[in-house]
Amino acid sequence: MAEGADSSASSSGLSSSSPSAASTATATSAVIGGGQTVKECQDMIRKALRTPMVKFLRENMEKAGCSLGDNFIKAVHCDKLISGGYVRGEGIIVCSNHMNIQDEVNQVVIHELIHAYDDCRAANLDWANCAHHACSEIRAGHLSGDCHYKRELLRGYVKMRGHEQECVRRRVMKSVTANPYCSEAAARDAMEAVWDVCYSDTQPFDRAP
């Protein structure tokens, strides 16, 4: 799940409320502006695919044995207040009507590709398991650049010391509590239980970008 003005994190699937048997990674979004048409957003996705980080993630998914077809990442009009999502077996969506600038599209694509990479490399990943979901959200929040201090300033968060981990925690909680299998208490317990291991896991990067 990705985050807009202060949208929030990602789970692994398509709707912020339905990680069923399929994985579900969604990005909530508090978007300001009119958004893009599907065609405009698809053009922005093509630009995102040429960025070094997106190319790196796609290459590493291929190395892990998961091929990405031409339609793996697609623009759609979303009724829900989300920025995008990842669904196992279907791919990544970017919500065109909630996108305003190229950086937003880039971030959704990167964030959701990290979920897709996690789904690819872990045969037993269960998106209905709060700890599994929280771990992928921690990794996506930490590795995607979602919580870069400049993006946090644009969201109205001005704390400098410790801002990155605080941002990741905030986004993880928003995403995992949207999972119907995870209460707020269960989401928090899961996040704390896996935090150290998952925050330190920077694969496929050597270190956090």
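Basis for what follows: all heavy atoms, side chains included, without hydrogens, waters or symmetry-related copies. Along the sequence shown, residues carry numbers from 1.
Residue Glu62 comes nearest to Leu68 through the heavy atom pair OE2-N, 3.4 Å, listed as atom of the first residue, atom of the second, then distance. For the pair Val38 and His77, the tightest heavy-atom approach, listed with the atom from each and the gap, is CG2-N, 3.9 Å. In plain terms, the two heavy atoms of Ser175 and His133 that are nearest each other are OG-NE2, 3.5 Å. Pairing each heavy atom of Asp126 with each of His132, the nearest pair is N-ND1, 2.9 Å. Heavy-atom minimum distance, Gln42 versus Ala75: OE1-N, 2.9 Å. Shortest non-hydrogen contact noted between Cys41 and Val94 is SG-CG1, 3.7 Å.
For the pair Asp201 (side chain) and Val197 (backbone), a donor-acceptor distance under 3.5 Å is absent. At least one donor-acceptor pair closer than 3.5 Å links the side chain of Glu104 to the backbone N or O of Asn100. Between the side chain of Glu90 and the backbone N or O of Val87 there is no donor-acceptor pair closer than 3.5 Å.
For the atom pair CD1 (Ile82) and SG (Cys95), the distance works out to 4.0 Å, reported to the nearest 0.5 Å. In this structure, the separation between CG on Asn106 and CE on Met53 is 10.5 Å, given to the nearest 0.5 Å. With rounding to the nearest 0.5 Å, the separation of OH in Tyr199 from CD in Glu164 is 3.5 Å. Ser144 contributes atom OG, which lies 9.5 Å from atom CG of Leu57 (distance to the nearest 0.5 angstrom). The CG atom of Leu125 sits 6.5 Å away from atom OG of Ser136, with the distance rounded to the nearest 0.5 Å. Atom-to-atom distance recorded for Ser200:OG and Arg207:CZ is 15.0 Å, nearest 0.5 angstrom.
Taking hydrophobic clusters as Ile, Leu, Val, Met, Phe, Trp and Tyr residues chained together by side-chain heavy-atom distances below 4.5 Å, Leu49 shares a cluster with Val108.
By the disulfide (SG to SG under 2.5 Å) test, Cys198 pairs with Cys135, sequence neighbours left out. Judged as a salt bridge (Lys or Arg N to Asp or Glu O under 4.0 Å), and not counting sequence neighbours, the contacts of Arg169 are Glu192. Evaluation of the salt bridge (Lys or Arg N to Asp or Glu O under 4.0 Å) rule for Arg46 yields Asp43 as partners, not counting sequence neighbours.
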Discussion item. Go through it in stages, so that I can follow the logic: the residues are Glu184 and Met173, the test is side-chain contact (heavy atoms from CB on, under 4.5 Å), and I'd like the CA-CA distance, side-chain angles, deciding distance and then a yes or no.
Written reply: CA-CA 8 Å; Glu184 183 174 353; Met173 284 299 296; 3.9 Å; yes
Discussion item. As a quick check of understanding, evaluate side-chain contact (heavy atoms from CB on, under 4.5 Å) for Asp118 and Arg121, giving each step before the final call.
Written reply: CA-CA 5 Å; Asp118 286 350; Arg121 69 172 182 158; 3.5 Å; yes
Discussion item. Assess the residue pair Asn97 and Gln36 against the criterion (side-chain contact (heavy atoms from CB on, under 4.5 Å)); give the C-alpha distance rounded to whole Å, side-chain angles, the decisive distance to 0.1 Å, and a yes or no.
Written reply: CA-CA 5 Å; Asn97 50 315; Gln36 306 291 316; over 6 Å; no
Discussion item. Let's go through Met99 and Ser83 carefully: what are the C-alpha distance in whole Å and the side-chain angles of both, what is the deciding distance for side-chain contact (heavy atoms from CB on, under 4.5 Å) to 0.1 Å, and is it a yes or a no?
Written reply: CA-CA 7 Å; Met99 297 291 104; Ser83 297; 3.7 Å; yes
Discussion item. Evaluate Tyr86 against Asp119 for side-chain hydrogen bond (donor to acceptor under 3.5 Å, both in side chains), listing each step before the verdict.
Written reply: CA-CA 10 Å; Tyr86 163 71; Asp119 206 27; 2.6 Å; yes
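A salt bridge is absent between Arg170 and Glu166; no separation between the charged side-chain nitrogens and carboxylate oxygens falls under 4.0 Å.
Between Met61 and Pro204 the shortest side-chain heavy-atom distance does not fall below 4.5 Å. Looking at heavy atoms from C-beta onward, His111 lies in side-chain contact with Arg171 at the 4.5 angstrom threshold. Two residues are said to be in side-chain contact when any heavy atoms from C-beta on lie closer than 4.5 Å; Leu113 and Val54 meet this criterion. Here the side chains of Trp127 and Asn179 are not in contact, with every heavy-atom distance at 4.5 Å or above. Residues Ile45 and Val105 are in side-chain contact: their nearest non-hydrogen atoms beyond the backbone lie under 4.5 Å apart. A heavy-atom distance below 4.5 Å is found between the side chains of Cys78 and Ile93. Annotation: side chain of Arg50 is in contact with side chain of Lys47 (closest heavy-atom distance under 4.5 Å). Side-chain atoms of Gln107 and Asp146, non-hydrogen and from C-beta on, do get closer than 4.5 Å to each other.
Enclosure of atom CG in Asn124 by more than 12 non-hydrogen atoms of other residues, nucleotides or ligands within 6.0 angstrom is indicated.
The distance between the ring centers of His142 and Trp195 does not fall below 6.0 angstrom.
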